[in-house]
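In what follows, a structure is listed as structure tokens, so that the remarks can point back to it.
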Amino acid sequence: MRAVAREIRTALCRGAIVVNKSTVPVGTSSLVEGITGRPDITVVSNPEFLREGSRCPTVSTPSASSSVRRPRRRPAGGRALRPHRCAAHRHDTTTAETIKYASNAFLATKLSFINAIAALCEAVGADVRDLVLGLGYDKRIGFEYLRPGPGWEGRASPRHLRAGPHRETAGYDFSLLRGAIAQNDEQLERVVAKITEAAGGSLDGVPIGVWGLTFKANTDDGGRHRPPTSPVASSAPALKCAPMTDGRGGGVHAGPQRCDHGGGPL
């Protein structure tokens with residue numbers, strides 16, 4: 001981000017608008033504005049709410065947050081959204097960046113919650129599928145993202161969420177989100193424990209087939225082609241569980257569902 005800001009600062013024409021589309025840490029727009037050092041340039045934060053595997057439909061019917069850094073100037077970015085007939089909400093850039101961070105944090109918390117409830121159901125003998133139905137019919141909660149699973153990763157990965165505002169930079173300890181991330185780590189351990197139990201208590205010499213090497217169904221993105229420092233590198237839960245089973249003696253045989261990249265190493 002810093003390198004791109006330095007590169008464009010001399011190439012942009014007067015009055016240009018710089019739009020940050022990525023999910024970025026809070027404060028990125030101010031960072032870009034400071035690096036460009038161009039008072040004639042407007043820096044806009046318009047974080048994407050696009051779903052992997054369904055980007056075209058979500059581009060044509062977007063949910064967008066458009067903002068400008070300097071309120072004394074006319075808000076920029078709204079004209080580009082008019083053809084899509086979507087609501088264009090204008091905020092200061094810090095708020096726009098925090099909206100996306102909060103959306104990811106809320107989704108992560110909801111997923112961790114239903115996984116914790118699933119573990120509770122196992123402990124007390126309740127049926128989590130019936131419980132989800134009961135929760136979903138409550139209009140205050142709904143059915144979305146109430147499916148227990150092996151854990152959550154992807155764009156709202158624990159690494160990405162940990163990169164958000166924290167006590168040292170913002171003066172607030174987001175303990176609720178830390179709890180959601182900790183529960184997600186426990187869920188991965190719980191999956192491996194279930195595999196070990198199903199194998200008779202030991203994984204020594206047990207062949208283990210792993211599916212789901214993409215972090216989302218109907219995509220081919222398992223994080224393999226991203227740099228190690230990327231927030232979504234090796235982001236599928238299966239890629240987190242596989243080394244844990246391998247380290248306990250299991251022989252992992254991984255078969256990607258849609259990841260056909262020429263047979264290279266995952």
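The analysis underlying the following values was restricted to heavy atoms, covering all of them including side chains, and did not include hydrogens, waters or symmetry mates. All residue numbers in this chain count up from 1 along the given sequence.
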Kindly compute the distance separating [atom1] ([X]) from [atom2] ([Y]), expressed to the nearest 0.5 Å.
X      : Y      : atom1 : atom2 : value
Leu146 : Ile141 : CG    : CD1   : 7.5 Å
Phe106 : Leu111 : CZ    : CG    : 10.0 Å
Leu31  : Thr93  : CG    : OG1   : 11.5 Å
Ile181 : Leu176 : CD1   : CG    : 10.0 Å
Lys100 : Asn104 : NZ    : CG    : 5.5 Å

**Report entry** Passing candidate, side chain to side chain contact (heavy atoms under 4.5 Å, CB included) with Ile8, options Ile35, Val18, Ile41
**Finding:** Val18
For the residue pair [X] and [Y], what are the closest heavy atoms and their distance?
X      : Y      : result
Asp173 : Arg178 : OD2-NH2, 2.8 Å
Val132 : Pro148 : CG2-CD, 4.4 Å
Ile114 : Tyr145 : CG2-O, 4.3 Å
Asn184 : Gly151 : OD1-CA, 3.2 Å
Trp152 : Ala108 : NE1-O, 3.4 Å
Asn20  : Ser29  : ND2-OG, 3.4 Å

Do side-chain atoms of [X] reach the backbone of [Y] as a donor and acceptor pair under 3.5 angstrom?
X      : Y      : value
Asn115 : Pro150 : no
Arg190 : Ala119 : no
Gln187 : Gly149 : yes
Arg9   : Arg38  : no

Requested in this report: Report yes or no: do Val128 and Phe113 belong to one cluster of Ile/Leu/Val/Met/Phe/Trp/Tyr joined by side chain heavy-atom distances under 4.5 Å?
Outcome: yes
Requested in this report: Salt-bridge test for Glu122 and Lys194: reply yes if a basic N is under 4.0 Å from a carboxylate O, no otherwise.
Outcome: yes
Query raised in the report: What's the verdict on side chain to side chain donor-acceptor pair (under 3.5 Å) for Glu97 and Thr28, showing C-alpha distance, side-chain angles and the deciding distance?
Result: CA-CA 8 Å; Glu97 291 164 347; Thr28 298; 4.7 Å; no
**Report entry** Check: Leu188 and Val192 side chains under 4.5 Å, non-hydrogen atoms
**Finding:** no
